[in-house]
Amino acid sequence: MSPRRAHNGGRIDRSTTLRFTFDGTAMTGHAGDTLASALLANGISVVGRSFKYHRPRGVFSAGIEEPNALVTVIKGKLREPNIPATQIELYDGLAVESQNRFPSLAFDFGAANGLAGNLFAAGFYYKTFMGPVAGPLKGTRFWMFCEHFIRRAAGLGRAGHEPDTDRYEKMYGFCDVLVVGSGPSGLMAAKHAAATGKKVFLAEQEPEFGGSLRWKSAAIDGRPAADWVAATLADLAALPNVTLLPRTTVWGYYDDNALGALERVADHKAHAALGEPRQRHWTIRAKDVVLATGAFERPIVFPGNDRPGIMLAAAAARYATEFGVLPGERIAIFANNDSAYEAALALKDAGAEIAAIIDVRAGVSIAARELAREAGGELLLGYAVTNTSGARRLREIEVQAFADGKVKDGATRAFAVDCLAVSGGWSPAIHLASQAGHAPQWDEALQAFLPPAPTQPWTGAGAFTGAYSTSAALGDDIAVSEPEIEYEPAPVFEIRPTGKKSGKAFVDLQHDVTASDIRLAHREGFQSVEHLKRYTTLGMATDQGKSSNVPGLAIMAAARGLPIPEVGTTRFRPPFSAVSLGALAADRHGHFKPERLTPMHDWHVARGARMYAAGLWYRPMIYGTGGETVEQAYVREAKAVRASVGIVDVSTLGKIAVQGPDAAELLDRVYTNLFSTLPVDKARYGLMLREEGIAFDDGTTWRLGEHDFLMTTTTANAGKVMQHLEHYLDCVWPDLRVHVTSVTDEWAGAAVAGPNARHVLEACVEGTAVDNDALPFMGIVRGEIAGAPVMICRLSFSGELAYEVYCGAGHGQHVWDALMNAGQQFDIVPYGLEALGTLRIEKGHVTGAEIDGRTSPRDLYLDWMLSKKKPYVGSAMVDREGLVAADRVRLVGIVALEDRPLQGGAHIVERLGEEPRGSIGHITAFCFSPALGKYIALALVKGGKARHGQRAFVSDPVRNRYGPVEIVSHHFFDPEGSRMHG
Amino acid sequence: MLIPCPYCGPRDLSEFTYQGDANRTRPNPMSNDQSAWNAYVYERVNTAGDHREFWQHSGGCRAHLAVVRSTLTHEIKSVAFAREVAK
Amino acid sequence: MAEYSFLSLLRNALSGNEDWKPAWRKPDPRPSYDVIVIGGGGHGLSTAYYLAKEHGITNVAVLEKGYLGSGNVGRNTTIVRSNYLLPDNIRFYEHSMKLWENLSHDLNYNVMFSQRGVVNLAHTPAQMDEHARRGNAMRHEGGDAVLLGREEVARMVPGLDMSARARFPVLGGLLQPRAGTARHDAVAWGYARGADRRGVDILENCEVTGFLREGERVVGVTTTRGEIRAKKVAVAVAGSTGRVMKLAGIENLPIESHVLQAFVSESLKPLVNQVVTFGGGHLYVSQSDKGGLVFGGDLDGYNTYAQRGNLPLVEEVMSELLAMFPNLARVRLLRSWGGVMDMSMDGSPIITPGPLPGMFLNCGWCYGGFKATPASGWCFAHTIARGEAHPLNAAFTLDRFARGILIDEKGQGATPKLH
């Protein structure tokens, strides 16, 4: 057997041996071990290195508060850094690495930092590294040079670059009572709540339920505590209204009793079972919450208190009792309260030798004396540990007399021990309560912060409330036999030997914050608790100061000569303990956003379309025909439209059914132009503004009936326009009798454009004529294509004779195929967004690049659309001085005077100089115009129309493109519109 | 936060879209009183305490709700359909 | 007070660090000052510093209701950049950048400004054009901007999802090389120490409870530490603007207070070198010198003065981060917190005399206040000293909303939750 494993005892399964590796060294443990217990059992004393001084550190605790023993778990190519060894359940094949050491855990260059400890005191980096004020290293250079090395030395574990392929899951839970923690008080709370028929969730962060009862010696109802736990759990598990959640850490307390919890579903296995996620993120909505989160033991600060082998007393007892592992063979106890005496006895019972019990108090309770007698070893009352020695494992402690909060001058005694179990009292785990509401309350007798008064529906139970004993946790109805010890500690947080030079006394072990750092912070005026934290980094490490915050605060209080509560406590923030980012993203890890596909999507892809993400939608950008460049493709497509006919999928346009007796009135109010005058079966182009008078969205709206309109919006603004209409109807004009319904997904749309567009329709539309009389410009007809009902509106974005054909989304592909068939004889060409853009640029139509949320209708020369006959949203503010100022950028056309492409986002200047200066505007959209045979663009330029005919320059320094252009009208092609009206 | 939608029942914050301050009244559309329009569009009481505001149940019934909620504690004090309050 | 330097550090180390003096005094309030600055955050402290340094006005008190730097200067994600679109913003933030570049020397305090670069990712051709437009706008105002192609981004930012299966594939990005991060608390402390060394009184735990008035004119304040009079009273209280201005009878402002959550992961060895922002949502991430990934996203999106957010936003932010960096799923969130932002109606700040005689107002920083700290204080100090705006903040008026001369960087209109 391994050297530190006791021959019997513990709740591990000795019949199952598990293999694991630590820094590549093969070791074994048993089922039920944590990595920490297994390492201790293998005689490993140094598990990690500290953050700043890279000091060797061992296991310090047995729980989530572990500051020292952090490792990286390796699974294949995936690395999970900074996991406390105390939280890792051993499984066969577990592989872990130690962290923050170079080249090895045993020998670490970084430890040299410790030699210059005074230089690296709190806040040292604020006072130096500024570098020279002149020369090549002035400015930020010198700091950045130093920072490069600091960054390498800092940091803990190393994360990998491989994408995490594991699955994470999200679950919503609803219950009457959520009990957090399954120690005696949590089990009782769950039992009581369940008995009333309430739906109960019981969440326990550890793999097993029972909390302190798993290692305490108390007897309940005349039987061992563990038996009582097993029986109670069996009862709970049998109830249909109880959900047991082991390995589930409730980490966040949000508004209205929404709690975040992390369930580690498969972390304790080599491989997750089929269908099992690695972790599950719960949002639990509880009518009531019972916080039974227990308490954290805290250490006493003294010189040399960080050596491997020094650990919290209850943790030492837990290793002995629960895991059958002795944290040392010859152990001393150092305490300021009675609870450590129970630990002493537990360690002795497990087979360790208790060398001494050192207590800063002059007198202790009878129960404590009795425990000390049973545990054996010398009882030194009125003494304190003042120094320790041992390089990679504790070898010896020094003890001196202690009274009135001070170390007495005089003889030093030494004890050769390999473990020192320390207890400085207990701090209730009030984190969730603090997240939920107010500041905690200091309790003088318990020397601890107790939970604040609830601001949300929760109650506290057990050690969380400062009631530390098992009998208090279980209540009066249950007979508990346990030593009647006193939990009130002596108010001693730090041991400061006088005179001689002593070692560093650590408060925050992980961040290497020492007691003298705290006093330095005090000296420099960083005295409020937040300044202390931020200046020294106390409590900012991965353990978030679970065991160090109160001692740190106490040392600051002593320095200031104030009681602890006047120095304050920091507000606890979520999460209570670290949560993987994967769990929080849950099922969105690997599936970030849904994809919206039009009914004709697969056809586009099959035809070689290069797809373009437009918000959540995918739209064809070009249809590639092998070897073409993007420009060649869109020029080919656009030319085909102007020469004969093309077809484009417009299903993504927002579509809103506006229906009801006041539908026309609503449209008159939200559009700048009139819609009430629009005849049935006609469509009109409309412009919407924001209240500020800035252009918001545009599109055509079709009058399908007296009270029935179909509004179309741009693809990008579909949701915003819908919300805009709903807002006005609900909040501003509740008297209007109108319903608005988003029907974007109900319709598939195809635009057929080009001189032969009508012929294509004639070849496939049944049930209606489509000639100029039956279907004039902006007219609407209904008919059928290949048996599917369609609605056709003659409108044009391309400037050609064009029709939008809408049908039910389910018929989309069918109708599209029929249109393609009918178009075959005219060489119909499907075209993508690039060609669509080219055609609209040639026509000077605006889209989102011009309606960019800053432009007014005048900027876009759309003032002809501003009705003078009626008010509309934006009419009151559209004439403000800022919106009519002469220096606003306004829409123009740009023609490149060289045969080189222009690009979106390029700026326009009046003249080119050595440095890019004097922008007068920018290009919003560009293309090669097949109609003009030139590179053209739309631009927003100061002065707008007044510059028509002027020479200017494109200035595009980020793409290094400069060159002459001419500013022209944005109506490049067929300004009279003869083609689309023809 | 849990917002009790009068139509759908209590629902999680994630189903709602905040639609802003409900203390403002839109001026008469015919009015050209620029200070009134400025107050409506740009100015906010920004209450530290019970705040009247609109929420849309965008992931549910899509109704706008007129909510009174504390901006200090996030406690919801009252909820009604915005349509009914506006009438 | 002694200069900080490596030598002073060494000298003090040898004497056991017993001789360090407070970084700033903790004086009692005097009955009157030339200028009172309400708000002991970054902007208030930098204002006091530049009042003393640039304008010789040292009879100044900074009033802080809690501990110095307790607001957003100590709650942000520490990003410093000037990559704006609109000229008024570019000029202002470019001035800030220049002050940042020499700030550690100026303050004799290492604020750890590290010009690691900010990369804004682009995922569609339209976004590339938008980035080009902004980069070009910066270049035309003398700033630095580089448009990166896909391969350059991949080389510069390892770990990014560059695969074809990415929901929003990376096409390129806009890099501002001079942008970076700084140590936020150090900025507050450095300015405090610098102002204090020039004679400014920094009064912590001194909450303003009311304004003293002579007619319309503001002539001082009442505080939890007594009445203090001043010739000029300047307000720089960010998220508390609404509350403080109500004490002066100003009931309405173009400001809403919203909560922005921020997040930090456990410490890791160097992994992310630049500040990287996502174009498929709203997310920014960098890695601190201590090794934590520092990141944030959108506002929670409702009015609040509580420094706490809610879960849906937490989940959204994590999803966005992992959409960018799918290798981070096993990295763990260490801490999250909230700061209250003073969201203006066009997303740009207000630095102006008024709105009452004797009063000066600095607010509307949305969630870009940290990087503005030096220029905000510099311009506000000028405005207070001269009684009128400097050209750099001349556009940041309070009446620009009524006049329609908006500085709407995002083009969202009067919808503060979207700025």
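Lettering of chains follows the sequences in order, A, B, ..., and the numbering in each one begins at 1. The model shown is predicted, which means the values in this text are computed figures rather than measured ones.
Proximity of a side-chain donor or acceptor of A/S867 to a complementary backbone N or O of A/L674 within less than 3.5 Å is not detected. B/R52 places no side-chain N or O within 3.5 Å of a backbone atom of B/R24 that could act as its donor or acceptor partner. Listed for the A/K870 side chain is a donor-acceptor partner under 3.5 Å among the backbone atoms of A/N673. Within the 3.5 Å criterion, the main-chain N or O of A/Y872 finds no donor-acceptor partner in the side chain of A/T672. The main-chain N or O of A/D708 is never found under 3.5 Å from a side-chain atom of A/Q659 such that the two would form a donor-acceptor pair. Side chain of A/R880 to backbone of A/M877: a donor-acceptor contact under 3.5 angstrom is found. Not a single donor-acceptor pair under 3.5 Å links the side chain of A/D255 to the backbone N or O of B/M1.
Below 4.5 Å, heavy atoms of chain A meet heavy atoms from B/Y40, B/V41, B/Y42, all part of residues 39-46 of chain B. Heavy-atom neighbours of chain B within the stretch residues 728-736 of chain A, taken at a separation under 4.5 angstrom, comprise A/Y728, A/L729, A/D730, A/C731, A/V732, A/W733, A/P734, A/L736. Inspection of non-hydrogen atoms places no residue of residues 171-178 of chain A under 4.5 Å from chain B.
For a residue to count as touching a neighbouring chain, one of its non-hydrogen atoms must lie under 4.5 Å from one of that chain's; by this rule A/A258 does not touch chain B. Heavy atoms of A/R690 lying under 4.5 Å from chain B are absent altogether. Both the backbone and the side chain of B/D12 come within less than 4.5 Å of a heavy atom in chain A. If you measure heavy-atom distances from A/R669 to chain B, you find no contacts under 4.5 Å at all. Proximity to chain A is limited to the backbone of B/T73, based on heavy atoms less than 4.5 angstrom apart. Only the backbone of B/S31 comes within contact range of chain A, with heavy atoms under 4.5 Å apart. Both the backbone and the side chain of A/Q723 come within less than 4.5 Å of a heavy atom of chain B.
Taking the six-membered ring where the residue is Trp, A/Y254 and A/W251 present perpendicular rings, their angle passing 60° and hence far from 30°.
Applying the 6.0 Å contact sphere to NZ of B/K77 captures more than 12 heavy atoms from other residues, nucleotides or ligands.
Under 4.0 Å is where a charged nitrogen must lie from a carboxylate oxygen, and between A/K868 and A/D863 no such pair does. The existence of a salt bridge linking B/E53 and B/R69 is confirmed by a sub-4.0 Å separation between a basic side-chain nitrogen and an acidic carboxylate oxygen.
When B/M30, B/E84, B/Q34 are compared by the number of non-hydrogen pairs under 4.5 Å with chain A, B/Q34 comes out ahead. Heavy-atom pairs under 4.5 Å with chain A peak, among B/H74, B/R26, B/E75, B/Q19, at B/R26.
For an aromatic pair to be called close, the ring centres must be under 6.0 Å apart, and A/H724 with A/F696 satisfies this.
Using modelled atom types, one finds no donor on one side chain facing an acceptor on the other under 3.5 Å when comparing A/K199 with A/T243. Residues B/H64 and A/E726 have side chains that never bring a donor and an acceptor to within less than 3.5 angstrom of each other. Residues A/S856 and A/D859 have side chains that bring a donor and an acceptor to within less than 3.5 angstrom of each other.
Among residues at least two apart or in separate chains, there is no side-chain hydrogen bond (donor to acceptor under 3.5 Å, both in side chains) pair with a member in residues 430-439 of chain A.
A heavy-atom distance below 4.5 Å is found between the side chains of A/T744 and A/W617.
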